[in-house]
Amino acid sequence: METSILNRLNKNAEKYSDKVMFKDEHSQITFGEFNALTKSIGTALAKRVPCGSPVAVMSGRHILTPSCFLGAVRAGCFYAPMDGDMPKARLNQIIGVIKADYMLVDEAHLETARSLDFSGEILVMEELNDTEPDDELLSQREAALQCTSPLYVIFTSGSTGVPKGVITSHLSLMTYIDSVAKVLSIDDSDVLGNQSPLDYIAAVRDIYLPISFGASTYIIPKNEFAVPAALFETLNREKITALCWSVAGVEIPAKLGAFDVSKPEYLKKLCFSGSVMPCKYLCGSRSWI
């Protein structure tokens, strides 16, 4: 029985060591490199953070953000992702709820982190990346994980007041990801195109389908969703085969006339969530695939 998502990461990092796992407009990381990075970050955290503790993670829209998430998991902890571009009031609300003693940030969001109402210790991701992995310590932390252990806590919008944290366990996440993969027939030949912010619940598909099934994920630049020609060019250049997007992500390119000039040539699988798809775009979405 799989006791944690680390079982899958360990297996597929070895199986697909040299294959690209995550890619963005500036760089890429293989399964082997990703796994090594999670061990470095995990070791640095495990030497500081008690097992089972929350770790706040504030990082950007790039390939290293998932390594911060899984680094926290390597340390036997669970993570609370935060988008550093969100209003400070919301970030402070999340901090007030999660009450983490440690926050992991990338250099780009360090000043933002320092400006928040956070009394714990701030750790810079780039300064932990070269930490020598302590395999014995990591093994102890991994052995302490159970399938019911918390994996992450993602916060609601807070539209009704203070944001509420929804905790997901390792088992719950793996069960969900297995169901998504079954419905979409995801395998190691697929390349997913990420739309959702990496702190948002929908992004777990783009993060954990590669970990579980050896697929790859391309993190699409945020600005391209307002420029359909650039968006479709990216989908074709990166040979994106599967999309798990919000309704708006499917609807806006159609509204802006994207299909008058191009179409995603490699796309085979499309799912949408978050709201009801208007019938005219539901029918039109067939042209995506």
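Below, all heavy atoms of this structure are taken into account, side chains as well, without hydrogens, waters or symmetry copies.
- Considering all non-hydrogen atoms of both residues, Y152 and V204 come closest at OH-CG1, 3.6 Å.
- A donor-acceptor contact shorter than 3.5 Å links the side chain of S67 to the backbone of L64.
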- Message: Between D85 and T112, does the side-chain contact (heavy atoms from CB on, under 4.5 Å) criterion hold? Intermediate values first, please.
- Response: CA-CA 9 Å; D85 295 327; T112 298; over 6 Å; no

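- In this structure, T65 contributes its side chain and S59 its backbone to no donor-acceptor pair below 3.5 Å.
- Salt bridge status for D178 with R8: present, with a side-chain N to carboxylate O gap under 4.0 Å.
- Taking all atoms of both residues into account, the shortest heavy-atom contact from F31 to V20 is CE1-O, 3.8 Å.
- In plain terms, the two heavy atoms of R61 and Q195 that are nearest each other are NH2-O, 3.2 Å.
- Residues I220 and I207 fall into different hydrophobic clusters, defined by Ile, Leu, Val, Met, Phe, Trp and Tyr side chains chained together at heavy-atom separations under 4.5 Å.
- A continuous path of hydrophobic side-chain contacts links F118 to M82 [ILVMFWY only; heavy atoms under 4.5 Å].
- D190 places no side-chain N or O within 3.5 Å of a backbone atom of G214 that could act as its donor or acceptor partner.
- The shortest non-hydrogen separation linking D199 to I154 is O-CG2, 3.7 Å.
- Under the 4.5 Å side-chain heavy-atom criterion for ILVMFWY residues, a single connected hydrophobic cluster contains both V49 and L104.
- In terms of heavy-atom proximity, T38 sits nearest to R74 at OG1-NE, 3.1 Å.
- Remark: side-chain polar atoms of R141 are paired, donor with acceptor, to backbone N or O of A46 under 3.5 angstrom.
- Across every non-hydrogen atom of R205 and I177, the tightest pair is CA-CD1, 3.9 Å.
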